Amino acid sequence: MPELGRRHFILGAASAVGGGLIVGCAKPDRESRVQSFVLAPEQALQGEDVWFATADAAAGWGNSVVVRTIDGRAKKVEGNPEFPINRGKAHVRSQAGVQSLYHPDRLQTPMRRRGDRGSADFEQITWDEALDILIENLQPPRTPLIITGRIAGTKGWVTRSFAEMLGGRHLVFEPMETTALDEGVRRIFGTEETPHFDLANAGYVLSFGADFLGTWLSPVQYSLAYSSFRHGAGRERGLFTQIEPRMSMTGSNADRWLYINPGHEGAVALSIARTIVDEGLVAESVWNDPLGAAGGRQALDAYSPESVAATAGIGADMIRTVAREFALHLPGIAIPGGPALAQTNGADIASAVLLLNRIVGSDGTVGGVLPNPAAPERHPKPIAADPFREFARLASDGGAADAIIVHDVDPVYGLPSSVGFSDVISRAGFVASMTTFMNETSAYADLLLPATHPFEEWGSFAADPADGRQVIGFQQPVVSSWTDARSFGDLLLAIAPELIGAQAFRAQTMHETVKASAIEQFGDADPAKSPEENWVELLRSGGIWEATESEGRFSDEIDWSLSSLKAPEYVGDTGEYRFNLMPFETISSGNGSEAVNPWLQAAPDPLTTVTWTTWVEINPQTAVELDLKRGDVVDVVTPMGSISAGIYESPVVPPDVIGVPVGGGRKYGGRWDVGQGSNVLSILGARLDESTGALAWAATRARLVKTGENSDLPTFEFFDDPRNDEGGAPVKVTDE
């Protein structure tokens, strides 16, 4: 068995790839093997285009796409019109999937370290040699630490199972984690599943920092729902208020945008709740039980609009106005997200905001917050990120891990430099990195393995968040890999028999594993069809949702008290560090994982139109006060370090806030992202949300220091043309 599993793996795409199925044409009756010309014959005639349904390559777990291929080459990505989450629409990062697939700087062959750790000095080896090295260094009694991103479905199940069978540990890393939101949902709704915020049918949306039209959770799903919320047939236009410390793209679409001092969102939410209760805007029978379970009506006395206004930065009259609007336009939704939850009291802010939904009776109702069902065991939702505290402990313990395997994630880059995670990697007995592109973490590896692109591998996923029902998507290779890459799941399945025994997994490949678990779970989805025919239909449509009967539910219990909410704390003295530093994701490169694509580097930020670099958003009046102008290079200094970036004056940035996008400043990657911009994550303080251990990534203060340099920011904004000013000749427009 071990020899057979290894042989399958070594042969790779030549024997193991089963291919995809036509989507949008006549339904096929069998699986079809994909073929790709690495170098197409010069005189080759253009073939028919074939569309394959598969998972989105970049925009999170929830979207299904169809990829247009010709002669086995991927040409274009579109949203899967049959999939209920994105309904034929695609994110800007989804469209760049083809570019990352054929990126010239992808890792192409296995390599082993030749120089010192961290030097990124490697030499090429074969897969047979690579497997020998890997198996030798994972032999019991060694216990591996496996670090991945938020992997889902069959891949997540295989990874967790592999780590457990070897007595190891699986940690999930996410630079801007959503741990506080998950904890708030558990406390208020009693579920581990991300709920469905039913924007499409809501009368009022009250968002505390959630950039749901840009980067938060499932922006394609929310954008579609937002369109119905605003312009749906047969309904009144919904009202929307956004409360946040820096205007996001979502905030720019709101009817009312309100600045708030960071970390006081929970107090404002409870002040809104007090107004609703005191003024009788909602019947007592609605709010009595949830409020009683969270501490009782008297617990709201500390949150009068006047007392909250003094610290939150929002006037008492405005708090009352929002409360009245929210209660009078039910069903309403209160959503916590973004920098609101990246504070030292983030989980309590999430709890306070989500409690508003229960106080007005929006929980479990259409147009409110609906429960999502749990995913099947073999097709789990994306595994929740482990809180920052777990990674900080690895660094502070001082010991050395037996072996570390890192897959397509970069904690050395994404964690604050003060944590010293590079030391954790350096001390490990053995480090293997399986990734698509070189990164800061893989530079420390002893063994470097090329990972397949999402369009080259098998998998499944549970949409997270779903739309109130169980939505399972399937991932299939749409092309054969042009590199000598392998999928991470196939790697674990190949080495498991030699490390654990032939009984470790029933299947030898991810293709077999995904197919077997899909047929076991959904093989009778259509009783009129055979299990094989149902499997074909799953791939053709991209997933299954109508036939699933699992339902979610909220608990009647509330596991939180209003008295738990404390004032926020920050890294950096307010006297020395004037500004609240607000890192933010951009719609093009997200947390930076997609910065390797030049098309996304050149995609302008919607609010500033800046491309290709890191910038510092600052209030124009503050810029005048500090004698700064567009393009002036400043050092952004925190107690943990400094980075350099150009100034961008923005009228929607409050005077004591600066915004800096994440994703720049990479030392390793591709030719288009290395050296571009600066890494703001590296200078964040290591403060935690006290109750969850999550990183409070928006709780660091900073100051600005002029460098005396100026560099034009690459933007698409209009600049005054001297040809058309009063002193110049006008431009004559004719029809000639």
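Here the structure is a predicted model, which is why all the values come from computation and not from measurement.
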Less than 3.5 Å apart, any donor N or O on the side chain of [X] or [Y] sitting next to an acceptor on the other?
| X | Y | value |
| --- | --- | --- |
| T154 | S460 | yes |
| S481 | T483 | yes |
| E617 | W615 | yes |
| Q676 | D673 | no |
| K76 | Q95 | yes |
| Q521 | S517 | no |
| T586 | D605 | no |
| S442 | N439 | yes |
| T215 | E585 | no |
| H453 | S100 | yes |

Using only atom types and a distance under 3.5 Å, with no angle test, would you say the side chain of [X] pairs donor to acceptor with the backbone of [Y]?
| X | Y | value |
| --- | --- | --- |
| N201 | G367 | no |
| S248 | G251 | yes |
| E78 | A90 | no |
| Q475 | P454 | yes |
| N534 | D526 | yes |
| N86 | N63 | no |
| Y102 | A74 | yes |
| R235 | A202 | yes |

If you round to the nearest 0.5 Å, how far is [atom2] of [Y] from [atom1] of [X]?
| X | Y | atom1 | atom2 | value |
| --- | --- | --- | --- | --- |
| Q242 | D211 | CD | CG | 7.5 Å |
| L492 | S487 | CG | OG | 8.5 Å |
| E594 | S94 | CD | OG | 9.0 Å |
| E174 | I383 | CD | CD1 | 12.5 Å |
| N253 | S207 | CG | OG | 11.5 Å |
| S228 | L199 | OG | CG | 10.0 Å |

Would you say that [X] contacts [Y] through its side chain, given a criterion of any heavy-atom pair below 4.5 Å between the two side chains?
| X | Y | result |
| --- | --- | --- |
| M438 | L448 | yes |
| H170 | T148 | yes |
| P465 | L217 | yes |
| W672 | W599 | no |
| V65 | F83 | no |
| V653 | M247 | no |
| V77 | F455 | yes |
| V185 | T191 | yes |

Pairing of [X] and [Y] as salt bridge, 4.0 angstrom limit:
| X | Y | result |
| --- | --- | --- |
| R540 | E82 | yes |
| R93 | D56 | no |
| R246 | E244 | no |
| D255 | R230 | yes |

Any idea which heavy atoms bring [X] and [Y] closest together, and the distance?
| X | Y | result |
| --- | --- | --- |
| D484 | R486 | OD1-NH1, 3.0 Å |
| G209 | P339 | O-CD, 3.7 Å |
| A694 | T179 | CB-CB, 3.8 Å |
| T614 | G664 | OG1-CA, 4.0 Å |
| A451 | H407 | CB-CE1, 4.1 Å |
| D105 | G669 | CB-O, 4.4 Å |

> Given the rule in the side chain to side chain contact (heavy atoms under 4.5 Å, CB included) test, do L695 and E177 qualify, once you have shown the distances and angles that lead to the verdict?
Replying inline: CA-CA 8 Å; L695 176 66; E177 58 184 288; 4.0 Å; yes
> side chain to side chain contact (heavy atoms under 4.5 Å, CB included) between I333 and L206: does it pass, once the steps are laid out?
Replying inline: CA-CA 6 Å; I333 305 176; L206 176 57; over 6 Å; no
> Do we get R666 above Y413's six-membered ring, with its NZ or CZ under 6.0 Å from the centre and within 45° of the axis?
Replying inline: yes
>> Applying side chain to side chain contact (heavy atoms under 4.5 Å, CB included) to I405 and F488, what does each step give before you reach the verdict?
In response: CA-CA 11 Å; I405 303 174; F488 185 63; 4.0 Å; yes
> Step by step, would you call D467 with R87 a salt bridge (Lys or Arg N to Asp or Glu O under 4.0 Å)?
Replying inline: CA-CA 12 Å; D467 60 354; R87 290 181 282 158; over 6 Å; no
> Given the rule in the side chain to side chain contact (heavy atoms under 4.5 Å, CB included) test, do T715 and T611 qualify, once you have shown the distances and angles that lead to the verdict?
Replying inline: CA-CA 6 Å; T715 71; T611 62; over 6 Å; no
>> Evaluate W697 against F388 for ring-ring contact (aromatic ring centres under 6.0 Å, His included), listing each step before the verdict.
In response: CA-CA 10 Å; W697 49 261; F388 168 80; over 10 Å; no
>> Is there a side-chain hydrogen bond (donor to acceptor under 3.5 Å, both in side chains) between D408 and T436? Walk through the geometry before answering.
In response: CA-CA 7 Å; D408 247 353; T436 314; 3.1 Å; yes
> Hey, mind stepping through D410 and T441 against side-chain hydrogen bond (donor to acceptor under 3.5 Å, both in side chains) and telling me if it holds?
Replying inline: CA-CA 5 Å; D410 194 0; T441 303; 2.6 Å; yes
> Angle class for the F212/F240 ring planes (parallel below 30°, perpendicular above 60°, tilted otherwise)?
Replying inline: tilted
> Excluding sequence neighbours, so at least two apart, what forms ring-ring contact (aromatic ring centres under 6.0 Å, His included) with F173?
Replying inline: F391
> Using the benzene-type ring in the case of Trp, are the ring centres of F461 and H379 under 6.0 Å apart?
Replying inline: no
